[in-house]
Amino acid sequence: MDILKGGNLLVAFVAELAMLAAFVVWALGLDQAGWLKWLIAVVAVVVAATAWGIFAAPKSGMRLGEPWLTVFKVAMFALAVLALQAAGRTEWAVVLGVVAAANLVLMHAWGQA
């Protein structure tokens, strides 16, 4: 069971990276000048990563308590899924949404949240 729990933590980390990548995919698909797309991508990733680091990181002094931590995580992943959908990457959006949801459920079931 420890291997499964460790694997779930790895999936959580990969899903968080995928969330950030989703914002980049969205920004690069915008109908803007090339440099502006990259600027928007960088800002989106910095804002998302900073919010995650402040409110969801395990060692943050300002980490949210339950149920707000779960609400925050669901909202962040939902934004990433919507970003992928807006970029025309429906399949990626579905995969990220399903993986993130399953991961969050298992995190709670196994006391990893």
Side-chain angles (χ1 to χ4, degrees):
M1 190 59 138
D2 288 338
I3 292 174
L4 290 177
K5 288 182 178 182
N8 195 49
L9 291 174
L10 177 62
V11 169
F13 178 68
V14 172
E16 291 163 17
L17 293 178
M19 172 187 57
L20 297 176
F23 296 126
V24 173
V25 169
W26 163 76
L28 295 181
L30 293 174
D31 189 23
Q32 302 291 331
W35 67 271
L36 187 55
K37 288 188 227 188
W38 280 103
L39 178 62
I40 293 168
V42 168
V43 169
V45 168
V46 167
V47 168
T50 300
W52 193 274
I54 292 170
F55 300 118
K59 294 185 180 183
S60 171
M62 295 180 63
R63 181 180 169 113
L64 297 171
E66 290 298 340
W68 300 112
L69 178 61
T70 298
V71 170
F72 174 78
K73 288 181 178 183
V74 168
M76 291 293 288
F77 281 114
L79 286 173
V81 166
L82 290 173
L84 287 171
Q85 178 63 35
R89 304 294 187 168
T90 303
E91 296 84 6
W92 294 6
V94 170
V95 170
L96 179 58
V98 169
V99 169
N103 177 256
L104 287 172
V105 167
L106 290 175
M107 293 281 283
H108 281 278
W110 291 338
Q112 296 176 307

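Ala83 and Ala22 make their closest contact through CB-O, 4.0 Å (heavy atoms, listed as atom of the first residue, atom of the second, distance). Looking at every heavy atom in both residues, Met1 comes nearest to Trp110 through CE-NE1, 3.5 Å. Across Ser60 and Gly53, no two heavy atoms sit closer than the pair CB-O, 3.3 Å. For the pair Ala80 and Leu96, the tightest heavy-atom approach, listed with the atom from each and the gap, is CB-CD2, 3.8 Å. What you find for Lys37 and Gln32 is that their closest heavy atoms are CE-O, 3.0 Å.
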*Stepwise, does the side-chain contact (heavy atoms from CB on, under 4.5 Å) test hold for Met76 with Glu16?*
CA-CA 9 Å; Met76 291 293 288; Glu16 291 163 17; over 6 Å; no
*Stepwise, does the side-chain contact (heavy atoms from CB on, under 4.5 Å) test hold for Val71 with Val74?*
CA-CA 5 Å; Val71 170; Val74 168; 5.9 Å; no
_Set out, in order, the CA-CA distance, both residues' side-chain angles and the distance that settles side-chain contact (heavy atoms from CB on, under 4.5 Å) for Trp92 and Val81, then state yes or no._
CA-CA 8 Å; Trp92 294 6; Val81 166; over 6 Å; no
*Should Leu82 and Trp26 be marked as a side-chain contact (heavy atoms from CB on, under 4.5 Å) after you check the CA-CA gap, both sets of side-chain angles, and the distance that decides it?*
CA-CA 9 Å; Leu82 290 173; Trp26 163 76; over 6 Å; no
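One hydrophobic cluster holds both Val45 and Trp38 under the rule that ILVMFWY side chains link at heavy-atom gaps under 4.5 Å. Hydrophobic clustering, with ILVMFWY side chains joined whenever heavy atoms are under 4.5 angstrom apart, groups Met19 together with Leu64. Met107 and Leu69 fall into different hydrophobic clusters, where Ile, Leu, Val, Met, Phe, Trp and Tyr are joined by side-chain heavy atoms under 4.5 Å apart, directly or via other members. Under the 4.5 Å side-chain heavy-atom criterion for ILVMFWY residues, a single connected hydrophobic cluster contains both Val43 and Trp35. With hydrophobic clusters built from ILVMFWY side chains whose heavy atoms lie under 4.5 angstrom apart, Leu79 does not share a cluster with Val14.
The backbone N or O of Phe55 lies less than 3.5 Å from no partner atom in the side chain of Arg63, so there is not a single donor-acceptor pair. Using a distance-only test at 3.5 Å, with no hydrogens or angles considered, a donor-acceptor pair links the side chain of Asn103 to the main chain of Asn8. Panel note: side chain Gln112, backbone Lys5; a donor-acceptor pair is recorded below 3.5 Å.
Taking 4.5 Å as the limit, every side-chain heavy atom of Phe23 sits out of range of all side-chain heavy atoms of Val47.
Counting heavy atoms of neighbouring residues, nucleotides and ligands inside a 6.0 Å radius, atom CG of Leu4 exceeds 12 of them.
Applying the ring-ring contact (aromatic ring centres under 6.0 Å, His included) criterion to Phe77, with sequence neighbours excluded, gives Trp52.
Within the model, atoms CG of Leu36 and CG of Asp31 stand 10.5 Å from one another, a figure rounded to the nearest 0.5 Å.
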